Amino acid sequence: MSKILVTGGCGYIGSHTIVDLFENGYDVISIDNNSRSDAGSLNGVEKITGKAVKNYKVDLCNFDDTHAVFEENEDIEGVIHFAAYKAVGESVDKPLMYYENNLNSLLNILKCVQEFDVPYFVFSSSCTVYGNPDVIPVTENTPTKPAESPYGATKQMGEQILTSFAKIVNTQVVALRYFNPVGAHPSIEIGELPIGRPQNLVPAITQTAIGKLPKMFVHGDDYDTRDGSCLRDYIHVSDISHAHTLAIQYLEKEKNSSNYEIFNLGTGNGVTVLEAIRSFEKVSGVKLNYEVGPRREGDIIAIYANNDHAVKSLGWEIKHDIDDMMLTAWKWEQKLKE
Ligand code: WQD
């Protein structure tokens with residue numbers, strides 16, 4: 001049974017990916033210092049799969065502590081690296097904290113992957129690397145533009161680091177560019193746990209609907225889109241997480257055509273903010289209390305994925321539509337209130 005190390009395993013996408021890896025016959029360990037996550041997420045993983053996950057509460061910025069995990073687990077076949085700070089707005093206010101954390105943790109994990117000759121490495125990247133694209137949908141070959149935030153810059157730099165790294169090691173590397181991950185596992189045992197006032201659209205919707213927030217604001221409806229609000233490619237977290245398992249299997253079967261490949265993980269369908277709100281109101285039966293407010297600085301106007309590469313090469317199938325994303329997000333919010 002191949003052992004996979006998931007960094008950030010207590011996080012939103014990390015915990016969902018551990019469920020998928022277990023369901024596909026992998027053994028899994030996690031490294032997560034819980035600075036931005038709740039260790040309780042792994043209890044949810046155990047409820048779903050019946051399997052306990054060993055989490056090493058280690059700061060990946062501490063090389064010696066990170067190295068010790070590899071010394072104790074010489075049979076690590078693959079690493080899936082999620083652990084990073086990811087709040088776009090916070091990264092604008094605290095750029096050095098973002099560069100230090102996201103880059104040092106990546107460099108330390110890669111040093112260990114190289115020293116222990118780990119066969120496979122999957123990197124959590126982001127559609128933010130495209131910046132504001134001139135043409136949509138974007139493919140993996142769409143030129144990246146200057147990142148709109150230090151967070152996006154750390155993902156661009158991460159991909160640059162991997163380009164050089166993959167040239168000098170045996171490790172086979174994949175970068176997965178997520179679009180907008182939303183929703184919760186169908187069991188409603190795990191989901192998104194935003195810290196503080198949610199910046200992202202879907203938790204803002206569900207927290208407003210359940211009364212944790214008095215109202216929410218649509219950040220602008222005067223953009224050049226079909227209804228004036230920004231357009232995104234929302235993708236269910238379970239579809240995102242299964243793509244990680246498929247990426248490991250793709251590398252195990254040596255189907256990759258180069259030692260570093262990039263995949264877009266989006267549905268290929270654009271949805272506007274107002275359309276997302278309509279979908280939520282339809283599936284929840286809740287009339288959402290929102291107001292159109294000013295634009296949010298740094299917002300991409302419109303982006304969605306061309307996902308042909310992931311669909312064709314990884315055999316990836318999208319199983320959840322926007323209504324399902326909204327319904328599972330809503331059920332999770334209701335569970336948090338219990
Ligand atoms: C989506 C749209 C907002 C809140 C995210 C992650 C980023 C990356 C890509 C992984 C925008 C609007 C939001 C609200 C609103 N993911 N909005 N009212 O900015 O696309 O970036 O996905 O790497 O890490 O942050 O997502 O959910 O913040 O915003 O109108 O209360 O919803 O203006 O148009 P974004 P988001």
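Counting convention: from 1, in listed order, for ligands and their atoms alike. Note that this is a predicted model, so its numbers are computed, not measured.
The closest non-hydrogen atom to atom 7 (C) of ligand 1, taken over I277, V88, V182, comes from V88. Comparing heavy-atom distances from atom 5 (C) of ligand 1 across T272, N180, L231, V129 singles out N180 as nearest.
Distances between N or O atoms of Y178 and those of ligand 1 include no value under 3.5 Å. Considering backbone and side-chain N/O of M216, none are found under 3.5 Å from N/O of ligand 1. Of the polar atoms of F217, at least one N or O is found under 3.5 Å from an N or O of ligand 1, judged by distance alone.
Here is the list of ligand 1 atoms found below 4.0 Å of a heavy atom in A204: 31 (O). The ligand atoms of ligand 1 that sit less than 4.0 angstrom from a heavy atom of V218 are 30 (O). Of all atoms in ligand 1, listed by their number and element, those nearer than 4.0 Å to a heavy atom of S126 are 8 (C), 10 (C), 23 (O). If you number the atoms of ligand 1 from 1 as listed, the ones under 4.0 Å from a heavy atom of K86 come out as 24 (O). Listed by number with element, the atoms of ligand 1 under 4.0 Å from a non-hydrogen atom of F179 are 9 (C), 16 (N). Those atoms of ligand 1 with a heavy atom of C230 less than 4.0 angstrom away are 34 (O). Close approach of ligand 1 to V273 is summarised as follows: ligand atoms under 4.0 Å from at least one heavy atom of the residue are 2 (C), 12 (C), 30 (O), 32 (O), 34 (O).
Ring-plane geometry between Y250 and F263 is classed as perpendicular, the angle between the planes exceeding 60 degrees on a 0 to 90 degree scale with a lower cut at 30. The aromatic rings of H244 and F82 sit tilted, their planes meeting at an angle between 30° and 60°. Between F121 and F165, the angle of the ring planes goes over 60°, which puts this pair in the perpendicular group of the 30/60° scheme.
Ion pairing between D134 and K145 holds under the 4.0 Å rule for side-chain N and carboxylate O. For D222 and R295, the salt-bridge test passes: some basic side-chain N is under 4.0 Å from an acidic carboxylate O.
There is no side-chain donor-acceptor pair under 3.5 Å between E23 and H242. In this structure, a donor-acceptor pair under 3.5 Å is present between the side chains of S35 and N33. Under the 3.5 Å distance criterion, with hydrogens and angles disregarded, a donor-acceptor pair is assigned to the side chains of T328 and H236. Residues S257 and E261 have side chains that bring a donor and an acceptor to within less than 3.5 angstrom of each other. The closest side-chain donor-acceptor pair between Y26 and E77, if any, does not fall under 3.5 angstrom. If you check the side chains of N264 and Y304, you find no donor sitting under 3.5 Å from an acceptor. Side chains of D20 and S241: no donor on one and acceptor on the other come within 3.5 Å. Using modelled atom types and a 3.5 Å distance limit, the side chains of N73 and K3 yield a donor-acceptor pair.
Of the protein's non-hydrogen atoms, R296 NH2, 3.2 Å is the one closest to atom 29 (O) of ligand 1. Scanning all protein heavy atoms for the shortest distance to atom 33 (O) of ligand 1 gives D299 OD2, 2.5 Å. In terms of protein heavy-atom proximity, atom 14 (C) of ligand 1 is nearest to H219 NE2, 3.5 Å. Protein heavy atom in closest approach to atom 4 (C) of ligand 1: Q199 O, 3.2 Å.
Contacts with ligand 1 closer than 4.0 Å are made by side-chain heavy atoms of Y151 only, the backbone lying farther away. Residue contacts with ligand 1, taken as heavy atom pairs separated by less than 4.0 Å, involve R232 solely via side-chain atoms from C-beta onward. Under 4.0 Å from ligand 1, the heavy atoms of Y234 that appear belong solely to its side chain. At a heavy-atom cutoff of 4.0 Å, ligand 1 is contacted by both the backbone and the side chain of L201. Of all the heavy atoms of N200, the ones lying under 4.0 Å from any atom of ligand 1 are found in both the backbone and the side chain.
Ligand 1 does not have Y85 within reach: every non-hydrogen atom of the residue lies 4.0 Å or more from it.
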